Amino acid sequence: MPAPNHPLRAVNPIIPGFHPDPSICRVGDDYYLACSSFEYFPGIPIFHSRDLVHWTQIGNVLDRSEQLRLPASMPSSGGIYAPTLRHHGGRFWLIVTNCAEGGGNLIVTATDPAGPWSDPIPAPGVPGIDPDLAWAEDGTCWCTGAGISQVRLDPATGRTHGSSQPLWSGALGAQAPEAPHLYRIGDYWYLLIAEGGTERGHAVSIARARTPDGPFEPCPANPVLTHRGTSHPVQNTGHGDLVQGPDGTWWLVFLGVRPRGGTPGWHVLGRETFLAPVTWQDGWPVVGEVTLDLAALPWPLDPAPAEERRDDFENAELRPYWISVRDRSAEHCTTKERPGWLTLRARGGSLDEPDVVFTGRRQQHLTCRARTLIDPSEGRGGLAVRLDERHHYAIEATGTHVQVIARVGDLRTVVAEQPVPAEPLVLAVTVSDPTSSRGPLAGPDVVSLGVEAPDGTFTSLAELDGRYLSTEVAGGFTGRVLGMYAARGAVHFDWFDYEPLDG
């Protein structure tokens, strides 16, 4: 995964691409951050940083089949919602909702955030979604969830004590009070929530009380963060979590989107993780301006080494940024069958099927290029830009030809076809700026799909409007994922590379 931030400067988003619902904790000089993963396996990517802006993915919390079951019957944008990551008593604690059938709220723990994480502990007495964990001085653990309600919890067993009690639900009439986080800061307990829905009306509000179970008084300046009704390039701002920087100042991580094009504006990368400064006035947090350039940070930057853009699949295990749809069994996805190659063995017949064998990585840049060397001699498969089963573009190869397939809602169309030599070939997808960036009908980007000759010449077989692979068209909570798939037989991939084109 290429480093999103240049070593000598810091920019927003701090974790670009489909990385929503950030939850952060600080342990000494180290920061750890977890995000939602929805229908993808492994679940809950976890990152490490020393400076709050340069992040390295160190693993996934739910990386074993016994930890995470996402059945084919579960719709896309189901699955893993809104984790809370905390450090207490020398251990990392994470509580999360699995919205698949038979899921519910789950707790996992680890001494090392890179893993391994424990098998999940069910917490059936915790209602709703978006659960949070907070410990009082006497050791009592409070679990607060969407709604907003609260219950005492034994996180070691998942047992609750007493019934869930309502706390405070934000602005009168505001929809979807959710994503609560409870903190002891100074003399008060602060309850931070999201409200207004996760679309353009999204916002962050806060209340405080003398005790963790209230009663809570709302901040007179609520919401403390929202971009609704503005022309700011970052929209849908909400679902925040507070943390102190290396110098003791306060900061907020939160999700936002970067819509592009005309009306209504289309965001294609999903909800991303941003950072904003926080100051305190009269005992209330004031969130500063959300800027795309964070160059004036009051501490030294500590960039991590950038990942190589190409994965040659030389390792026995895939790198942590690779994700698959709902599950990933060694029977269907392995680097051990043909050394130095990734082999995908088909199960579903196409990307339209919920059990498709697909392995990809999040699109993290507004313009980019993805390429792979494919050997389809034993099957049929290709390279895809996936949003969900009903919204994807793909270039698919057999031993004799390639074709470009577009699936938009109920329509599935082969938009181009071309014969190819019966040998491994390079498939490529390029995401570029729209041909016209003006006017209410302009789309967010153009997706070109084609083949690459041995001399590096790219031949585009189709150029498709990117708006149809956006949340505003498809709905849901995810973003684009670029990756490889098998639709019949066994398909082998020698390498995959991802190259940002926008810096």
Side-chain angles (χ1 to χ4, degrees), residues 1-7 9-26 30-38 40 42-61 80-85 94 96 113-114 179 194 198 202 204 225 233-243 245 251-258 267-277 290-294 297 301-307 309 319-323 360-366 368 471 477-482 498 500 502-503:
M1 182 173 59
N5 276 293
H6 187 278
R9 58 190 289 259
V11 299
N12 262 322
I14 55 171
I15 307 181
F18 155 44
H19 293 104
D21 307 326
S23 180
I24 191 170
C25 72
R26 179 181 179 178
D30 296 286
Y31 296 90
Y32 301 96
L33 187 149
C35 296
S36 297
S37 50
F38 297 94
Y40 289 98
I44 312 179
I46 190 161
F47 297 84
H48 170 257
S49 175
R50 302 272 290 187
D51 64 5
L52 275 183
V53 295
H54 294 91
W55 293 88
T56 300
Q57 188 174 351
I58 58 174
N60 295 277
V61 173
I80 297 298
Y81 282 26
T84 291
L85 176 66
L94 185 139
V96 71
T198 195
H202 213 196
V204 176
L225 173 65
V234 180
Q235 290 291 321
N236 301 31
T237 52
H239 202 116
D241 203 1
L242 287 165
V243 69
W251 295 78
L252 182 77
V253 294
F254 59 96
L255 68 78
V257 305
R258 291 181 284 170
H267 75 276
V268 301
L269 303 188
R271 299 171 298 163
E272 308 175 276
T273 292
F274 291 80
L275 181 71
V290 177
T291 61
L292 296 179
D293 194 332
L294 293 166
L297 290 177
L301 298 182
D302 187 19
E307 290 275 0
R309 79 180 196 188
R319 295 176 182 177
Y321 57 74
W322 289 110
I323 53 177
R361 52 150 299 152
R362 296 160 173 88
Q363 181 183 334
Q364 292 188 273
H365 299 81
L366 296 172
C368 63
T471 300
F477 302 121
T478 64
R480 288 182 187 165
V481 178
L482 310 176
Y498 173 90
D502 52 3

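Here the structure is a predicted model, which is why all the values come from computation and not from measurement.
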Where is the tightest heavy-atom contact between [X] and [Y], given as atom of each residue plus distance?
{"X": "I323", "Y": "P42", "result": "CG2-O, 4.1 Å"}
{"X": "A10", "Y": "V53", "result": "CB-CG2, 3.7 Å"}
{"X": "V257", "Y": "F274", "result": "N-CE1, 4.3 Å"}
{"X": "P320", "Y": "Q57", "result": "O-NE2, 3.1 Å"}
{"X": "A34", "Y": "I44", "result": "CB-CG2, 3.8 Å"}
{"X": "Y81", "Y": "V96", "result": "O-CG2, 3.2 Å"}

Checklist entry - Hey, mind stepping through T198 and H239 against side chain to side chain contact (heavy atoms under 4.5 Å, CB included) and telling me if it holds? => result CA-CA 8 Å; T198 195; H239 202 116; over 6 Å; no
State, with a plain yes or no, whether a side-chain heavy atom of [X] is found less than 4.5 Å away from one of [Y].
{"X": "S37", "Y": "N60", "value": "no"}
{"X": "I46", "Y": "L85", "value": "yes"}
{"X": "W251", "Y": "L297", "value": "yes"}
{"X": "R271", "Y": "F18", "value": "no"}
{"X": "L366", "Y": "L269", "value": "yes"}

Once side chain to side chain donor-acceptor pair (under 3.5 Å) is applied, do any residues pair with [X], and if so which ones, sequence neighbours excluded?
{"X": "S36", "value": "D21"}
{"X": "H202", "value": "none"}
{"X": "T478", "value": "none"}
{"X": "D241", "value": "S23, R86, Y183"}

[X] [atom1] to [Y] [atom2] distance, which is reported to the nearest 0.5 Å:
{"X": "F47", "Y": "T273", "atom1": "CZ", "atom2": "OG1", "answer": "7.5 Å"}
{"X": "L255", "Y": "T237", "atom1": "CG", "atom2": "OG1", "answer": "8.0 Å"}
{"X": "R50", "Y": "T56", "atom1": "CZ", "atom2": "OG1", "answer": "12.0 Å"}

Checklist entry - Knowing that exactly one of V290, L242, N236 qualifies, which makes a side chain to side chain contact (heavy atoms under 4.5 Å, CB included) with F254? => result V290
Checklist entry - Taking it one step at a time, do L52 and L294 satisfy side chain to side chain contact (heavy atoms under 4.5 Å, CB included)? => result CA-CA 11 Å; L52 275 183; L294 293 166; over 6 Å; no
Checklist entry - Pick from R258, H19, Q364, R362: which one makes a side chain to side chain donor-acceptor pair (under 3.5 Å) with E272? => result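 Only one of R258, H19, Q364, R362 forms a side chain to side chain donor-acceptor pair (under 3.5 Å) with E272, namely R258.
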Next on the checklist: Let's go through I15 and V253 carefully: what are the C-alpha distance in whole Å and the side-chain angles of both, what is the deciding distance for side chain to side chain contact (heavy atoms under 4.5 Å, CB included) to 0.1 Å, and is it a yes or a no?
Outcome noted: CA-CA 10 Å; I15 307 181; V253 294; over 6 Å; no
Item to check | Expected output: side-chain D302 to main-chain H54 donor-acceptor under 3.5 Å | outcome: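 Checking the backbone N and O of H54 against the side chain of D302, no donor-acceptor pair under 3.5 Å is found.
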Checklist entry - Can you tell me if Q363 uses its side chain to pair, donor with acceptor, with the backbone of H365 under 3.5 Å? => result yes
Next on the checklist: Test of understanding: with ring-ring contact (aromatic ring centres under 6.0 Å, His included), list the residues that count as partners of Y31, not counting sequence neighbours.
Outcome noted: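 Testing Y31 for ring-ring contact (aromatic ring centres under 6.0 Å, His included), a comparison that skips the adjacent residues, returns none.
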Checklist entry - With sequence neighbours left out, what residues match H267 under ring-ring contact (aromatic ring centres under 6.0 Å, His included)? => result none
Item to check | Audit row: V243, L33, side chain to side chain contact (heavy atoms under 4.5 Å, CB included) steps and yes/no | outcome: CA-CA 11 Å; V243 69; L33 187 149; over 6 Å; no
Next on the checklist: Is a donor from one side chain sitting under 3.5 angstrom from an acceptor on the other, for S49 and D51?
Outcome noted: yes
